[in-house]
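Read the structure below first, then the notes.
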Amino acid sequence: YGYLIQSNLVDHFGASAPLVFGAMAGCASWCPVYPIDSVKTIVQNTEGASSTCSWKVAADIYRKGGLIAFYDGFPAKLIRAAVFHSMTFFVYELVLDALMNENV
């Protein structure tokens with residue numbers, strides 16, 4: 001987000017830049033960690049989770065569906081991340097702007 005908000009693209013998006021860039025940052029943040037999150041969710045939802053091995057869960061997921069199985073539910077997670085992060089960064093910019101103008 002920080003890189004995008006300081007780029008020349010801000011001129012193109014104008015006031016909606018925090019919404020667009022927040023959505024992009026939120027989606028980008030989930031891409032590398034979603035497979036790990038999928039394993040974590042299964043471990044947490046397994047009865048007797050303290051004795052459940054993450055490696056065994058990952059191997060089971062892979063055995064049942066290959067690499068793509070680690071991304072079950074990914075589109076829904078991206079939609080949620082886009083909405084959540086766009087609003088988060090939009091409000092962040094509003095608050096930051098209000099604080100900067102108050103101190104002038």
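Hydrogens, waters and symmetry mates are skipped; everything else that's a heavy atom, side chains included, is used. Values in this document were obtained by computation on a predicted structure and should not be read as measured data.
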If you take all heavy atoms of [X] and [Y], which pair is closest and at what distance?
X   : Y   : result
P35 : P32 : CD-O, 3.9 Å
C27 : A82 : SG-CB, 3.9 Å
L4  : V10 : O-CG2, 3.8 Å
G65 : I68 : O-CG2, 3.4 Å
S54 : V43 : OG-CG2, 3.9 Å
G26 : A81 : O-CB, 3.8 Å

Going hydrophobic residue to hydrophobic residue with side-chain gaps under 4.5 angstrom, can you get from [X] over to [Y]?
X   : Y   : result
V20 : L96 : yes
M87 : L94 : yes
V83 : L19 : no
Y71 : V57 : yes
V33 : L78 : yes

With rounding to the nearest 0.5 Å, note down the distance linking [atom1] in [X] to [atom2] in [Y].
X   : Y   : atom1 : atom2 : value
F74 : C31 : CZ    : SG    : 4.0 Å
D72 : T41 : CG    : OG1   : 11.5 Å
H85 : W30 : NE2   : CH2   : 8.5 Å
I5  : E93 : CD1   : CD    : 5.0 Å
I79 : K77 : CD1   : NZ    : 12.0 Å

So, do F70 and Y34 sit near enough that their side-chain heavy atoms are less than 4.5 Å apart? no

Between L67 and Y62, is any pair of side-chain heavy atoms under 4.5 Å apart? yes

If the plane angle is over 60° it's perpendicular, under 30° parallel, otherwise tilted; pick one for Y1 and Y92. perpendicular

Do the rings of F21 and F13 sit parallel, tilted or perpendicular, given the 30° and 60° boundaries? perpendicular

Return yes if some donor-acceptor pair links the side-chain N/O of N101 with the main-chain N/O of D97 below 3.5 Å, else return no. yes

Check this for me, if you would: do K56 and D60 make a salt bridge, where the nitrogen-to-carboxylate-oxygen distance has to be below 4.0 angstrom? no

